[in-house]
Amino acid sequence: MPSPRKAGATAVMPPLPEAFVARMAARLGTEVHALVDALAQPPPTSIRHNPRKPGGPVGEPVPWCASGHHLTQRPRFTLDPLLHAGAYYVQEAGSMLLERALAAAGLIGTDAVALDLCAAPGGKSTHLLSLLGPRSVVLCNEVDARRHTALLENVYKWGAPNACVTRLPAGDFAAVPHFDLVVLDAPCSGEGLMRREPVARTQWSPWLVQRCSTLQAALLEHVWQALRPGGTLVYCTCTWAEEEDEGLLHRFLEGHAATVLPIDPLHPGPVRGAIGITCMPHRCKAEGFFIAALRKPGTAAPWDAGGTIVLEQGRLRPPGWNALPVALRERIDRADGALPVLLDTPGGPAPHPAAAYCREALDLLQAAVPITTVDLDHATALAFLRGEAIAAREARGHALMRFDGLGLGWARGAGNRWNNRHPTPWRIRTRRTDV
Ligand code: SAM
């Protein structure tokens with residue numbers, strides 16, 4: 001996994017923009033002092049466990065997310081092999097309210113065709129993959145090339161066979177109105193990140209708020225068209241600006257028939273507005289976040305999620321693939337979206353890095369390529385993750401390197417050692433080994 005950022009631990013924070021504080025004072029009255037004080041505190045650390053994989057740190061539960069935990073200290077995540085194996089994801093707790101939005105829509109555990117339009121680095125996508133039924137197809141999309149690379153790594157490591165990752169513009173989805181659920185975690189002015197990201201403070205301006213609001217309105221139109229009748233749109237931002245949250249959705253509802261689904265956060269901290277709910281750091285242990293759920297009118301024929309997972313042209317076909325509309329399958333295929341399992345190499349078929357993390361991919365891979373598994377202790381797992389070769393008595397063929405029973409990556413036998421095949425960008429760069 002890309003190393004989670006240090007979350008303001010060493011950053012020198014620029015002052016809060018005066019115009020931002022004035023806007024919040026107009027909205028909150030004297031409560032603004034509590035907000036400003038909270039924005040001066042160190043941000044809390046939280047993680048979300050992967051239900052497909054055991055292990056990872058535990059702490060106080062996040063009230064609105066069954067797999068979420070607040071940690072009392074921030075460990076050196078980079079030095080935990082379980083993070084690299086996809087056992088958990090480091091995520092700000094407010095974002096985990098996605099779970100309550102899905103609960104409001106009655107979607108938890110159901111099989112759905114879902115789109116996460118603005119998915120990188122993958123917080124909402126990995127959460128969706130854990131919340132929806134196993135026969136869902138979850139399309140994780142990110143338009144920005146660099147961020148798409150990070151999304152690939154995080155989604156691959158989460159190890160769900162029903163994920164597809166694409167890099168398509170929003171307009172492409174308006175042409176395929178087949179989704180039961182679309183999550184629009186919109187690019188925003190980032191006010192809710194002002195505690196942990198210095199740039200959130202320096203980049204903010206009323207002009208940025210307006211520019212984001214205009215883009216969000218356009219993205220809303222696209223994703224609304226992508227929904228099937230009766231489908232659910234989850235809209236969220238990490239900002240508090242009315243123009244990007246309640247105000248934007250209020251205007252959208254004036255022009256579109258939609259039902260607002262009330263979200264119950266299961267905790268008094270997040271504030272319920274007319275349309276969505278808002279987290280503020282002086283009211284709950286989270287950064288800034290806004291989330292709302294809207295249902296499109298109508299009903300669609302139930303989606304047939306039958307079929308088994310198969311390997312086709314080196315990639316996984318999730319269950320239900322054949323029931324997806326042809327136009328959608330073609331888009332996913334053209335974008336090389338389905339989970340890769342096998343690579344064609346001059347030396348014959350070899351495991352794709354993504355296959356190390358997914359049980360179903362490994363089962364199908366083993367039928368095509370003989371595989372050895374090698375269980376590593378903590379120090380050797382870190383050496384492997386740094387890109388080192390691992391000494392062995394007899395090393396032949398392809399080996400899956402594991403830690404605590406979870407796949408970490410691949411190596412190739414060279415007699416007395418396993419040569420490292422872990423992708424260079426996924427390697428850890430620090431030489432330190434103390435946790
Ligand atoms: N959902 C992500 C998560 O939970 O990890 C965070 C998404 S971030 C708030 C917003 C994303 O929108 C960014 O990755 C950004 O590249 C993307 N984005 C920016 N402009 C966009 C556009 N015009 N169309 C689609 N996505 C855009």
Side-chain angles (χ1 to χ4, degrees), residues 1-5 7 46-48 50 62 65 67-68 86 88-99 101-102 114-131 138-158 163 165-175 181-194 196-197 199-200 203-204 208-209 211-226 233-241 244-245 248 279 286-292 331 335:
M1 286 230 160
S3 295
R5 262 174 299 177
S46 45
I47 59 152
R48 186 168 39 72
N50 185 345
V62 173
C65 174
S67 53
Y88 62 96
Y89 189 92
V90 182
Q91 187 179 33
E92 185 285 299
S95 298
M96 300 180 197
L97 279 164
L98 176 67
E99 188 157 323
L102 260 67
L115 167 66
D116 184 6
L117 180 75
C118 307
K124 312 292 179 309
S125 285
T126 52
H127 203 177
L128 282 178
L129 286 161
S130 302
L131 292 174
V138 180
L139 196 49
C140 315
N141 183 73
E142 170 59 46
V143 74
D144 178 278
R146 201 174 45 85
R147 293 176 64 87
H148 173 258
T149 307
L151 176 68
L152 279 174
E153 180 182 349
N154 285 329
V155 171
Y156 287 169
K157 290 186 172 177
W158 205 245
V165 186
T166 56
R167 186 158 80 81
L168 298 170
D172 268 33
F173 295 104
L181 168 69
V182 177
V183 174
L184 174 54
D185 187 13
C188 69
S189 60
E191 295 170 353
L193 301 177
M194 284 187 183
R196 54 177 69 215
E197 308 267 3
V199 69
Q203 74 176 2
W204 187 92
L208 178 64
V209 169
R211 206 181 56 157
C212 290
S213 176
T214 305
L215 173 60
Q216 290 151 356
L219 294 176
L220 268 175
E221 292 295 339
H222 287 309
V223 294
W224 193 248
Q225 287 179 50
L233 167 66
V234 172
Y235 176 82
C236 48
T237 69
C238 48
T239 206
W240 299 303
E244 302 180 60
D245 295 345
L248 179 83
C279 265
E287 303 306 307
F289 193 64
F290 169 82
I291 189 161
R331 269 187 175 67

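Note that the structure is a prediction, hence the values are computed from the model and not measured. Every number for a ligand or one of its atoms is a count from 1 in the order of the listing.
Residues R331 and T166 form no side-chain contact, since every pair of their non-hydrogen atoms from C-beta on lies 4.5 Å or further apart. A heavy-atom distance below 4.5 Å is found between the side chains of V155 and L129.
When each of V234, D116, V223 is paired with L184, the side chain to side chain contact (heavy atoms under 4.5 Å, CB included) condition holds for V223 and for no other.
In terms of modelled atom types and a separation under 3.5 Å, the side chain of R147 and the main chain of A120 share a donor-acceptor contact.
In summary, the side chains of N154 and T126 do not present any donor paired with an acceptor at a separation below 3.5 Å, with no hydrogens or angles considered. There is a side-chain donor-acceptor pair under 3.5 Å between S189 and E244.
Closer than 4.0 angstrom to ligand 1 by heavy atom are C118, A119, A120, P121, G122, G123, K124, E142, V143, D144, R147, D185, A186, P187, L215, L219, sorted by chain and number.
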